[in-house]
Amino acid sequence: MFRGASKVAIFGVLFAIFFHLYTKLGINFHFHKHHPGDCRQVSGVDFGSEDMEVTQDGLAFITSGVDFPSNSPRFHAFLVEKNVQGRIFLFDFKKPELGARAIKIRPSKNFDPETFQPHGISMIEDRAKGTGNYLLYVVNHVKGGKDRVEKFRFSSASNDLEHIRFFNDSAFHVLNDIAVTGEDQFYASNYLYFDSYFWSRFEHILPLPLGALLYVDAKGVTEVVPKLHGPNGVTLSKDKKFLYAAVPLQGTMQVYERQRDNGLKLIQTVPEVQTSVDNFQLTSNGDALLAGAHPIPHKALLHLEDPHFKAPSSVLHLPLSNGRVVTEEISELFYDQGDLISGSSVAHIHSNQLLIGSIIDKLVVCDLYTKPSQAGRL
Ligand SMILES: *[C@@H]1O[C@H](CO)[C@@H](O)[C@H](O)[C@H]1NC(C)=O
């Protein structure tokens with residue numbers, strides 16, 4: 001009697017775990033390809049364009065060559081096989097025919113380009129130096145070292161990057177993205193707790209909320225939102241009053257209202273994204289977010305396990321109203337099975353072109369035939 005009941009219980013638990021994984025990993029998902037116009041690969045970038053920041057003038061700074069210790073041995077081997085170097089590329093929406101060009105980084109004693117593995121990026125205008133100068137903050141999974149955030153100055157006059165300083169702290173685990181609120185002040189996402197491949201697999205698949213959002217300023221590092229399951233891209237609204245965080249491992253995005261002490265108050269959870277959003281970009285006028293996403297989770301995981309395996313790409317348009325996402329107006333601008341671009345992680349629109357970046361694959365640009373919906377506004 002007892003043994004029969006325990007068999008049923010064990011079967012029930014196994015079935016629940018199987019069902020959880022089956023649905024969470026999207027084993028049964030299939031979507032059809034659609035492009036918003038002519039799309040093509042941008043020359044110059046072959047191994048990653050994970051995150052980008054775009055100036056009002058349409059200059060895109062793109063991080064390329066991401067890797068971190070918790071990635072799989074086959075992911076590391078792929079980078080070695082392809083001789084991938086961590087770089088920041090520049091793409092000019094006004095001169096797409098030039099392709100993407102790697103920006104030269106001036107050597108500095110505090111920064112070794114050989115150990116540069118860039119990930120999230122955030123930018124502000126450099127007020128002190130004036131027009132054409134930008135301060136870039138970039139997450140660096142230093143090869144053989146600890147995660148830190150690098151600060152560079154880009155000057156359009158010299159067309160290069162000057163390394164200024166770095167930020168490090170024992171609270172930084174596996175960082176992912178940053179959102180700069182002012183000079184040397186930013187939010188950062190602590191994506192994973194474990195930096196080992198073995199333990200981070202459990203962290204990926206089991207609902208272990210070991211990630212967090214941090215705030216960094218002259219006072220130090222404060223954990224402002226604890227217990228998130230894999231917070232990824234973070235982006236501020238145009239007025240910097242709201243912060244949008246992608247939490248792909250729980251399939252949602254969160255909208256926070258910034259408090260006076262830079263704390264974050266959760267005002268909206270959007271389960272309707274129904275995909276694994278990687279990074280957001282604010283549209284130039286700030287009325288919507290664009291998201292690079294991984295629509296079929298198990299294929300994204302296989303792609304991360306071994307980049308030779310292609311994963312689908314999707315770009316979403318999420319209209320905003322009073323800081324919140326208008327969920328019923330979310331639309332998909334782009335879907336690809338992974339042939340043109342695999343594992344899309346970020347996107348931006350400028351000069352009627354859609355630029356799409358990927359974790360460790362191509363950079364793609366599309367001519368837009370139709371403008372994305374304006375959330376029903378006239
Ligand atoms: C930050 O970097 C400095 C200089 O390399 C180093 O001395 C310090 O131990 C680092 N701090 C942490 C928390 O890693």
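Order of appearance sets the numbers: ligands from 1, and atoms from 1 within every ligand. For reference, positions follow the sequence shown, starting with 1.
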Original post:
Under 4.0 Å from any heavy atom of S170, which atoms of ligand 1 are there?
Top reply: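 Result: 13 (C).
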Original post:
What atoms in ligand 1 come closer than 4.0 Å to a heavy atom of N168?
Top reply: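 Result: 1 (C), 2 (O), 3 (C), 8 (C), 10 (C), 11 (N), 12 (C), 14 (O).
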Is the [X] to [Y] ring centre distance short of 6.0 Å?
{"X": "H34", "Y": "F334", "answer": "no"}
{"X": "F111", "Y": "F116", "answer": "yes"}
{"X": "F78", "Y": "H308", "answer": "yes"}

Original post:
Between N190 and H173, is there a donor-acceptor pair closer than 3.5 Å when you use the side chain of the first and the backbone of the second?
Top reply: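 Judged by distance alone, yes, a pair lies under 3.5 Å.
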Original post:
L208 versus Y193: any side-chain heavy-atom pair under 4.5 Å?
Top reply: no
Subject >> Under-4.0 Å protein heavy-atom contact, atom 7 (O) of ligand 1 >> reply: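 Given the 4.0 Å cut-off, atom 7 (O) of ligand 1 does not count as touching protein heavy atoms.
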Original post:
Is there at least one protein heavy-atom neighbour under 4.0 Å from atom 14 (O) of ligand 1?
Top reply: yes
Original post:
So is F166 close enough to ligand 1, meaning a heavy atom under 4.0 angstrom away?
Top reply: yes
